[in-house]
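Not measured: the values here are computed from a predicted model. Keep in mind that the numbers below use all heavy atoms, side chains included, and drop hydrogens, waters and symmetry copies. Letters A, B, ... are given to chains in the order of the sequence lines, protein chains preceding strands, and every chain is numbered from 1.
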2 protein chains.
Amino acid sequence: MGTIYDLAKKTGFSITTVSKALNNYKDVSDKTRAKILQAAAEMDYLPNAHAQSLSTKKSWAIGVMFSEANEVGMKHPFFNGIIESFRHATEEQGYDLIFASRNLRNRDMSYLEHFKHRAVDGIVVICSDRMDEQVQELMRSDIPIVVVDMDSANCSVVYSDNIEGARLAVNYLYELGHRKIAHIAGDETIDAGAARIKGYELAMQELDLPIRPDYLVNAGFFSVEEGKQAMERLLELDDQPTAVFVAGDQMAIGVIEAIHEHGLHVPNDISVIGYDDIEMIQYITPKLTTIRQDTDEIGEAAAELLLEQMTAKERLTERRVIPVRLVERASCAPVKQ
Amino acid sequence: MGTIYDLAKKTGFSITTVSKALNNYKDVSDKTRAKILQAAAEMDYLPNAHAQSLSTKKSWAIGVMFSEANEVGMKHPFFNGIIESFRHATEEQGYDLIFASRNLRNRDMSYLEHFKHRAVDGIVVICSDRMDEQVQELMRSDIPIVVVDMDSANCSVVYSDNIEGARLAVNYLYELGHRKIAHIAGDETIDAGAARIKGYELAMQELDLPIRPDYLVNAGFFSVEEGKQAMERLLELDDQPTAVFVAGDQMAIGVIEAIHEHGLHVPNDISVIGYDDIEMIQYITPKLTTIRQDTDEIGEAAAELLLEQMTAKERLTERRVIPVRLVERASCAPVKQ
DNA sequence: CCTCTTCCCGAAAGCGCTTTCGGTAATTTG
DNA sequence: CAAATTACCGAAAGCGCTTTCGGGAAGAGG
């Protein structure tokens, strides 16, 4: 492969000139540039990224961090869509993504430390847990950062319009004639969970429907199992809801399971609407009606906000709320008389 | 944050000694080491990874490349499990993962070039397409590499025991009384597809069952839609199979859909067995019986093989075949008389 | 023909770290 | 107590690149 020095020797120019030719400086003639480029191609020359970063202080790398309760990492059916889209958008600008470990040869360090060590140009964190100390630390730092799925006044954030999404769901059920609408919620320590609860309550008020405490059950951290358990609690009620708005698709899967095991039918006995629109829910029975979050757009927006900061070389704090929409499938039906 | 030079000034030692203290050289006394470490902690000193890599020629980074037909990247429900497990295993050793773009500031380069540019210590490629020229190039290079889900004599590889998996599936159906067993296959250009076909044929022979060309249908690249179309072709047959072994879970979902749309019942009319055991299939109706590939173990094995090469600093060519097992759920039933 | 620009190019310092090698002081050995 | 180890530390070169700044050559202007 060779170094820039080899290239200089081969072409007879100084390494300064070679470097300039490679980097499109204008104070090198077309002729010598051509020669150098040709020689570079011949010897398969590639600049060493580390050396470049060392001298330019720009690494062309973006650090990514996941922070979610269930520790599934890239298997997360919603977050991985966002990351994939984010990757596409940043790739176009020449950035690489680096998934940092928290382990530097036996010494374990924080993500912030690791990212500083790696000298990344920016950080994207996909976070559901607002209490995560590691995330807090990242947000306090002065590295360009964008946080996805969480709100904060101190840095650029992007998330879906959860309030509107919840309202969409409740209104839809209302229009189907439902009045006893329950909400199986995500934990309030998670922004998305809290916002959807708020949206639910708002919508219920707007519709002059009572907000019954027994119709609002916290199902924790969005897993199938937790959804199932939450639904079982609703099914124990004397006065059962006729429809339930579930804060996440995975939970909704558990919800439907619970309903079926109880000998009831979705949607004939109970209507269920989910949130996220992850891939698998179009294959379950019944196909789940849900509020779709646009992972593509979220990822792109995140990339945009981060790139903006990286080129501006200053910390910005923009908030981008991505619209959601209702996807009608087969898990909701008009209320029985 | 400061550099090693600041640390030297602060402690009064030379940068040589500081570096040695930080790197646990033994020719520095415990006392001075303690002083230096303390000072380092006080000023939040972190070594610059680029400078380190430049001088040690070790980057503590592993390049990862995905190569699959459907371009879903990290959304791939099977591959992302492998990558997640791989990440865990390499993280423990202090390695970071880098997802390279193919774009270096307008100049687009091959993955190999990019990985050389980044000076990664090793490469993991998760590959289904054996014709991918980029992958070929990587395999020809001299960087430590491990390839997942594909076979090759030229580098370390890890994949599931597809032949045995197919055999397991066919035998299972046979034991349920099925004799008309079809195979909806992945494309033969994909190793996994080819191997499962081979396993299917082998098993059929062993059971003295005829291998009918019309019972072996190529469904391409493992998507739901392709599976559905393939099943539709089987359903057009005068002499329909009573059971079908599908080379991938996603295809199996499409297969079941086709059967249902045809007014038939799974498993009462036709038994279906899949391959992979991706998460979502336990939530569909009926829950899919399948051959489970152990993504955790595959990822770990890949990490092991790669780490081995990286520490040995030489290219090894070990082959690791991971066992599979049958997971019985509800999509197969005894044949109707 | 001389001066002033403009165009090209290169010397050298610097980015932050590692590692070889040699040297001094302290310690051990006989 | 002299000689031989041993323990500890630092000068300096090097990793591969960028960028400032100055200087020479060529062209433009008077």
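Under the 4.0 Å criterion applied to side-chain N and carboxylate O atoms, B/Asp151 and B/Arg319 are assigned as salt-bridge partners. Ion pairing of B/Asp121 with B/Lys58 is present here, as a side-chain N (NZ or NE/NH1/NH2) and a carboxylate O approach within less than 4.0 Å. Ion pairing of B/Lys116 with B/Glu113 is absent here, as no side-chain N (NZ or NE/NH1/NH2) approaches a carboxylate O to less than 4.0 Å. The existence of a salt bridge linking A/Arg140 and A/Glu133 is confirmed by a sub-4.0 Å separation between a basic side-chain nitrogen and an acidic carboxylate oxygen.
Side-chain contact between B/Met150 and B/Tyr159: absent, with no pair of heavy atoms (C-beta onward) separated by less than 4.5 Å. Counting heavy atoms from C-beta outward, A/Asp96 and B/Arg118 have side chains that approach closer than 4.5 Å.
Nucleic acid contact for A/Thr32: sugar-phosphate only, since backbone atoms but no base atoms lie under 4.0 Å from a heavy atom of the residue. Using a 4.0 Å heavy-atom distance criterion, B/Lys57 is classed as a sugar-phosphate-only contact. Here B/Asn48 lies in heavy-atom contact (under 4.0 Å) with sugar-phosphate atoms only. Within 4.0 Å (heavy atoms only), A/Thr56 reaches sugar-phosphate atoms of the nucleic acid but no base atom.
The rotation axes computed at either terminus of the helix from C/dC1-D/dG30 to C/dG30-D/dC1 lie 40° apart, taking five pairs at each end and rounding to 10 degrees.
Side-chain N/O atoms of A/Ser29 include none lying less than 4.0 angstrom from OP1 or OP2 on C/dC7.
In this structure, the separation between SG on B/Cys155 and CG on B/Leu138 is 9.5 Å, given to the nearest 0.5 Å.
Nearest heavy atoms, A/Val18 versus A/Ile36: CA-CD1, 3.8 Å.
The nucleotide range of DNA chain D contacted by chain B, defined by atoms under 4.0 angstrom from heavy atoms of the protein and reported 5' to 3', is D/dC8 to D/dG16.
Of the two residues near DNA chain D, B/Thr16 and A/Thr3, the one whose nearest nucleotide lies more 5' is B/Thr16. Each of A/Ile15 and A/Val28 was assigned the nucleotide of DNA chain C with the nearest heavy atom; the assignment lying further toward the 5' end belongs to A/Val28.
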